[in-house]
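To start, the structure itself, in structure tokens.
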Amino acid sequence: MRYLPLTPDDRQAMLAKIGVRHIDDLFKDVPNAVLNPEIDLPRHKAEMEVERHLSRMAAKNTAAGSVPFFVGAGAYKHHVPATVDHLIQRGEFLTAYTPYQPEIAQGTLQYIFEFQTQVAQLTGMDVANASMYDGSTACAEAVLMARRVTRRNKAILAGSLHAHYRAVVETTTQYTEDVIVAQTPNPADPEAELKAVIDAIDDETSCVVVQNPGVFGHVLDLRPVAEAAHAKKALLIVVVTEVMSLGLIQSPGEMGADIVVGEGQSIGNGLNFGGPYVGLFATNQKYVRQMPGRLCGETVDADGKRGFVLTLSTREQHIRREKATSNICTNAGLCALAFTIHMTLLGEKGLRGVARVNHKNAIALKAAMGSVAGGEVLTNAFFNEIAVKLPKAAGAVVDQLAERGVLAGVPASRLYPGAGLDDVLIMAATETVTADDIDVLKGALEEVL
Amino acid sequence: MIKFTEEHEWLEVEGDIATVGITDYAQKALGDVVFVELPEVGATYDKGDEVAVVESVKAASEVYAPLAGEIVEVNEALEGEPGLVNSAALDAGWFFKLKLANVDDLDELMDETAYNEFVEGLD
Amino acid sequence: MAMNSQGRPTAATGGGDATKFESFSGHVGLRLAEPLIFELGTSETTGVDFEDTSDLELSCGGLERTSEIGCPGLAEPDTARHYTRLSRRNYGIDMGVFPLGSCTMKHNPRLNEKMARLPGFGDIHPLAPKSTVQGAYQLMDELSHWLMTLTGMPAVALSPKAGAHGELCGVMAIRAALEARGDAREVILCPESAHGTNPATAAFCGYKVKSIPAKDNGRVDIGALKAALDNTVAAVMITNPNTCGLFENEVREIADEIHKAGAFFYCDGANFNAIVGKARPGDLGVDAMHINLHKTFSTPHGGGGPGSGPVVFSDALKDFVPVPYVVKTEGGYDIVEDQAGKSFGRLTAFQGQMGMYVRALSYMLSHGSDGLKQASEDAVLNANYVLASLKDVMSPSYDGPCMHEALFDDEFLKGTGVTTLDFAKAMIDEGYHPMTMYFPLVVHGAMLIEPTESESKTNMDQFIRSMRGLAEAAKAGQVERFSGAPYHAPWSRLDETQAARNPVLRFAAE
């Protein structure tokens with residue numbers, strides 16, 4: 001077995017040193033009746049065989065890069081420079097552990113510090129943590145943090161918060177003291193949706209959670225929500241599922257957010273069928289000690305040289321145990337590294353430039369969809385994603401287009417079944433979309449509709 | 001008058017006001033203190049309630065109300081300079097002042113000699 | 001004869017006192033200084049090319065970002081150099097023995113990386129039409145089959161994103177099951193030696209946490225457990241093999257007692273790697289157990305994640321699993337995404353850590369049933385070899401045999417002036433990553449050594465020589481070797497007090 005270096009002779013010599021005859025003497029604490037069960041699984045395979053087996057499975061899937069592709073709704077197909085994937089596979093990054101021994105982990109610690117700074121700058125907030133599992137779990141953690149800060153327990157979720165995020169918040173808080181008020185999505189009238197949020201804020205409210213751009217692509221000015229929340233001493237949590245949008249749209253910090261959570265997948269990370277991704281979590285300085293997750297901070301070593309360490313760890317489970325701010329124990333280190341490398345390649349100039357290409361392609365997509373017979377675009381102010389009302393059920397349309405080799409988007413009914421949105425399709429156009437792709441989509445749609 | 005608790009808090013009492021801090025033994029056990037979370041002035045506590053949190057790099061501990069009472073003042077200097085808890089545990093490193101609900105309760109607590117014996121028994 | 005007039009000295013001359021000269025560059029040979037990108041890059045530099053859009057008319061509701069973003073860029077060559085230089089300050093499994101107890105730092109096969117990057121896995125969207133991702137559902141189904149077979153459990157939830165997330169999944173299913181039978185219970189019991197995540201998770205699900213003591217042999221005190229078990233106890237969370245590296249030999253009796261009291265047995269599967277192929281949690285009476293794919297099944301730790309923590313369930317809990325989950329249909333596979341029936345809800349957007357599923361399955365297929373069993377045996381063998389080879393110079397906390405990790409305390413350092421921390425830092429000078437220190441909390445100055453099956457006997461012998469040398473040096477009074485260590489790491493010890501007293505959590509221009 002190619003991964004196991006011990007030889008039969010080694011094993012015999014080691015057993016002798018230990019003073020036992022057989023390996024099972026070391027398993028003597030395992031009840032005899034259950035030791036060495038019959039396991040009905042195949043025996044080991046050579047590298048070539050494994051590759052063949054898995055490649056056949058992979059070949060049954062349609063890769064995003066191989067077809068005209070407009071699927072978004074929380075995960076986005078962007079071009080990730082080859083440098084990113086090369087660098088994150090260096091063994092010193094890939095095979096390192098959490099930097100608990102800072103003298104031999106300054107590589108990891110410095111990039112976390114860079115990551116925290118980049119996320120803070122992008123979101124327009126004071127500080128960010130070392131990352132969370134993903135955007136949805138970061139969102140749930142933000143709701144819990146708002147309860148700790150405000151000592152109130154009612155969270156209002158705007159209607160166009162991604163349905164999975166809403167479900168994760170509801171599930172995560174079902175056994176805590178939090179009360180979740182989830183509003184109804186209304187893709188045709190985002191202003192009304194925002195007004196409903198404002199109207200719902202009361203003296204019990206810990207936070208309002210608003211996604212921008214919303215799941216249907218709408219970009220909104222959140223200042224009125226921030227003002228309304230702050231007037232009642234509640235916090236505004238802004239969710240960003242398309243972090244590339246921060247290269248074009250005003251930051252949540254500029255709009256008055258108290259906590260910003262996001263899905264960082266768009267920068268540095270592939271689609272990966274949903275994970276691993278990287279959750280972003282940023283807030284203002286005064287709430288630092290209420291934050292969940294790991295934090296890296298600057299310090300000096302015994303010789304006075306600048307270095308970095310994990311800090312403020314008394315908030316965490318390994319010290320606070322049942323009093324911890326969260327049970328979270330890991331971050332998404334390697335995905336955060338991919339994020340920070342891609343972000344460094346982009347820089348402010350590249351981020352703005354690529355974001356504008358996204359926007360340009362979405363404008364072209366909107367024009368095409370508006371000209372399809374029976375199609376009505378519901379989104380007017382947007383970044384790279386729009387919602388389109390079709391004359392037929394969107395689910396069936398998507399399936400028929402898939403048969404024609406076009407992945408057209410996410411039917412709203414897949415996220416919000418039973419919400420009366422069966423004819424709504426959510427479509428994204430990133431920098432990877434070409435004019436040809438849009439032509440092919442349009443042609444195929446006209447056949448199907 | 002100085003009194004001590006088994007939770008390693010000290011109280012210096014004048015009238016019905018007790019100034020409360022943690023003992024030298026406690027600060028040594030904690031190590032370098034890096035953060036102190038203080039209560040709000042005006043809050044009332046029963047004996048044994050969690051009033052404050054004191055954190056070192058690797059440990060966090062609750063400071064309990066040694067007796068029932070109301071917080072009348074907190075040591076804001078600790079927010080900027082938590083190291084005072086280490087360098088001056090028994091004076092400048094005090095945490096809060098408690099207006100005692102019942103001064104007679106002080107009799108339940110240890111005096112210095114009793115506390116020193118208590119600590120010796122721990123090692 | 002043609003004379004070469006370019007001759008130069010080729011014998012080994014030079015050498016001497018390295019500390020005599022400071023470099024002009026700030027670099028020290030291959031140890032290259034590297035500032036933060038905020039001190040290197042500019043807002044006008046970029047390492048990507050993109051289409052010109054200067055004539056674009058925006059359609060974003062007048063909300064264009066005009067303020068400075070403040071993220072400098074670097075051209076590609078400087079980016080490559082920046083992160084390569086940073087990487088060289090790290091220690092990884094690829095560099096040497098990484099005996100970090102409880103963390104299972106085994107070799108990360110690169111085949112798994114290659115497989116996860118196949119476009120058919122790495123470049124597919126979680127909400128793509130189901131007909132276009134049948135192979136992905138198949139992979140999830142096949143991984144589930146392996147996990148259920150290896151654990152002897154009838155159900156699995158793949159989506160939890162890490163071990164702690166898996167615990168949350170398990171305890172939520174337990175609470176949902178108790179509520180379904182109208183049985184409100186308030187307490188979860190955890191042994192003193194439990195991972196910090198166990199009580200944190202229990203408290204998060206609204207339970208009070210009560211601690212159960214251990215016996216002198218490092219195992220759960222079954223008498224104390226029985227005394228604490230009553231109809232208010234929802235579950236008992238036990239790590240097995242436990243955090244002292246020992247198998248709970250009375251585990252079946254423990255399970256029986258738990259079930260007699262109407263409670264559930266949650267097993268923290270962090271140490272499942274010791275028993276894969278040797279024993280099935282299903283045969284031990286476990287009701288729920290998370291599996292750290294990043295430990296047992298070698299998906300890379302990546303400097304602190306991403307992890308993956310699928311949870312296997314017994315019959316009693318299987319109806320309560322979270323969405324989404326894959327189901328077999330006549331023509332292929334489908335995925336259930338909306339909460340229905342008894343499912344307790346959803347723990348993450350999308351399907352969880354697909355990239356980790358691919359790597360873990362690739363690892364399992366490579367090993368096969370025979371290789372997985374051999375890996376467990378080799379891990380246990382290596383740990384016992386360490387225990388046997390160090391027991392005369394260090395102080396083992398418990399008698400052997402141990403499972404996959406060997407626990408020592410600081411008894412052997414008593415009176416030397418050397419602490420567990422010092423000892424760990426001196427290991428860095430020996431070229432090793434330190435073992436886990438000060439965990440578990442149940443022994444004083446704990447040192448938990450987990451070599452894993454990835455180490456050859458040659459590596460083990462070298463490591464043992466080094467550890468023996470250190471132990472003997474400490475006893476011989478060579479305090480300075482330890483108190484200032486590490487001397488040969490890129491950084492000396494860092495000031496954690498300063499970091500925590502005045503937190504600087506981001507770069508800010510002066």
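Protein chains get the first letters and strands the later ones, always in sequence-line order, with residue 1 at the start of each.
Both the backbone and the side chain of A/Leu248 come within contact range of chain C, with heavy atoms under 4.5 Å apart. In this structure, the portions of C/Ser67 lying under 4.5 Å from any heavy atom of chain A include both its backbone and its side chain. Contact annotation for C/Thr348: both backbone and side-chain heavy atoms come within less than 4.5 Å of a heavy atom of chain A. Proximity to chain A involves both the backbone and the side chain of C/His367, based on heavy atoms less than 4.5 angstrom apart. Both the backbone and the side chain of C/Glu76 come within less than 4.5 Å of a heavy atom in chain A. Only the side chain of A/Pro417 comes within contact range of chain C, with at least one heavy atom under 4.5 Å from a heavy atom of that chain. Contact annotation for C/Phe38: only side-chain heavy atoms (C-beta onward) come within less than 4.5 Å of a heavy atom of chain A. Contact of C/Pro490 with chain A is made through backbone and side chain together, with heavy-atom distances under 4.5 Å. Only the side chain of A/Thr137 comes within contact range of chain C, with at least one heavy atom under 4.5 Å from a heavy atom of that chain. Heavy atoms closer than 4.5 Å to chain C are found in the side chain of A/Met1, but not in its backbone. Looking at C/Asp338, only its side chain comes within 4.5 Å of chain A, counting heavy atoms on both sides. Proximity to chain C involves both the backbone and the side chain of A/Asp221, based on heavy atoms less than 4.5 angstrom apart. For a residue to count as touching a neighbouring chain, one of its non-hydrogen atoms must lie under 4.5 Å from one of that chain's; by this rule C/Asn382 touches chain A with backbone and side chain alike. Heavy-atom distances place no part of A/Thr7 under 4.5 Å from chain C, backbone and side chain included. Heavy atoms closer than 4.5 Å to chain C are found in both the backbone and the side chain of A/Leu246. The contact between C/Asn108 and chain A is made entirely by side chain atoms (from C-beta outward), counting heavy-atom distances below 4.5 Å. If you measure heavy-atom distances from C/Glu455 to chain A, the contacts under 4.5 Å come from the backbone alone. Interface remark: C/His433 contributes backbone and side-chain atoms alike to the contact with chain A (heavy atom separation under 4.5 Å). Contacts between C/Ile428 and chain A at a heavy-atom distance below 4.5 Å involve the side chain alone, from C-beta outward. Interface residue A/Leu407: only side-chain heavy atoms are found under 4.5 Å from chain C. Contact of C/Arg252 with chain A is made through the side chain alone, with heavy-atom distances under 4.5 Å. Contact of A/Thr344 with chain C is made through backbone and side chain together, with heavy-atom distances under 4.5 Å. Contact annotation for A/Ile363: only side-chain heavy atoms (C-beta onward) come within less than 4.5 Å of a heavy atom of chain C. Residue C/Ala202: no heavy atom, backbone or side chain, is found under 4.5 Å from chain A. For A/Glu254, the part sitting under 4.5 Å from any heavy atom of chain C is the side chain, from C-beta outward, and nothing else.
The side chain to side chain donor-acceptor pair (under 3.5 Å) search around C/Asp123 returns A/Lys77, not counting sequence neighbours. Every side chain to side chain donor-acceptor pair (under 3.5 Å) that A/Glu92 has, sequence neighbours left out, goes to A/Arg90.
Summarising the geometry of C/Pro126 relative to A/Arg414, their closest heavy-atom pair is O-NH2, 3.8 Å, with the distance given to 0.1 Å. Smallest separation of non-hydrogen atoms from C/Pro300 and C/Glu113: CG-OE2, 3.1 Å. Minimum heavy-atom separation, A/Gly247 to C/Ile69: CA-CD1, 4.3 Å. Across every non-hydrogen atom of A/Ile104 and C/Pro434, the tightest pair is CD1-CD, 4.1 Å. What you find for C/Trp146 and C/Leu361 is that their closest heavy atoms are CD1-CD1, 3.8 Å. Summarising the geometry of A/Pro99 relative to A/Ala105, their closest heavy-atom pair is CB-CB, 3.5 Å, with the distance given to 0.1 Å.
Contact tally against chain A (heavy-atom pairs below 4.5 Å) for C/Ser308, C/Ala500, C/Ser131: the top residue is C/Ala500. Of the listed residues (A/Gln121, A/Met343, A/Lys60, A/Glu47), the greatest number of heavy-atom pairs within a distance under 4.5 Å of chain C belongs to A/Gln121. Considering only heavy-atom pairs separated by less than 4.5 Å from chain C, the leading option among A/Ala120, A/Gly270, A/Pro102 is A/Pro102. Among C/Gly304, C/Gly120, C/Gly70, C/Pro119, the residue making the largest number of heavy-atom pairs under 4.5 Å with chain A is C/Gly304. Interface summary for chain C: among A/Leu337, A/Val34, A/Val410, the most heavy-atom pairs under 4.5 angstrom belong to A/Val34. In terms of heavy-atom pairs under 4.5 Å with chain C, the best-connected choice from A/Thr108, A/Val219, A/Leu94 is A/Leu94. The candidate with the highest count of non-hydrogen atom pairs below 4.5 Å against chain A, out of C/Thr46, C/Leu58, C/Asn90, C/Asn249, is C/Asn90. Taking A/Gln118, A/Glu403, A/Lys349 one by one and counting their heavy-atom pairs under 4.5 Å with chain C, the maximum is reached by A/Lys349. Residue with the most contacts toward chain C among A/Val300, A/Val127, A/Asp126, A/Asp25: A/Val300 (heavy-atom pairs, distance under 4.5 Å).
Heavy atoms of other residues, nucleotides or ligands lying less than 6.0 angstrom from NZ of A/Lys360 number 12 at most. Environment of CG in A/Asp303: crowded, with over 12 heavy atoms of neighbouring residues, nucleotides or ligands closer than 6.0 Å. No more than 12 heavy-atom neighbours from other residues, nucleotides or ligands sit within 6.0 angstrom of NZ on C/Lys114.
Between C/Phe350 and A/His164, the ring center distance clears the sub-6.0 Å criterion. Taking the six-membered ring for Trp and the full ring otherwise, C/His301 and C/Phe98 have centroids separated by 6.0 Å or more.
At a cut-off of 3.5 Å, with distance as the only test, a side-chain donor of C/Thr45 or C/Thr42 sits close to an acceptor on the other residue. Under the 3.5 Å distance criterion, with hydrogens and angles disregarded, no donor-acceptor pair is assigned to the side chains of A/Gln174 and C/Arg175. Between C/Gln374 and C/Asp378, the side chains place a donor N or O and an acceptor N or O closer than 3.5 Å (distance only, hydrogens not considered).
Of the charged side-chain nitrogens involved, none lies within less than 4.0 Å of a carboxylate oxygen, so that A/Asp301 and C/Arg493 do not count as a salt-bridged pair. Ionic pairing of A/Glu103 and C/Arg89 is not present here: no N-O contact between side-chain nitrogen and carboxylate oxygen is shorter than 4.0 angstrom.
The main-chain N or O of C/Phe507 is found under 3.5 Å from a side-chain atom of A/Thr117 such that the two form a donor-acceptor pair.
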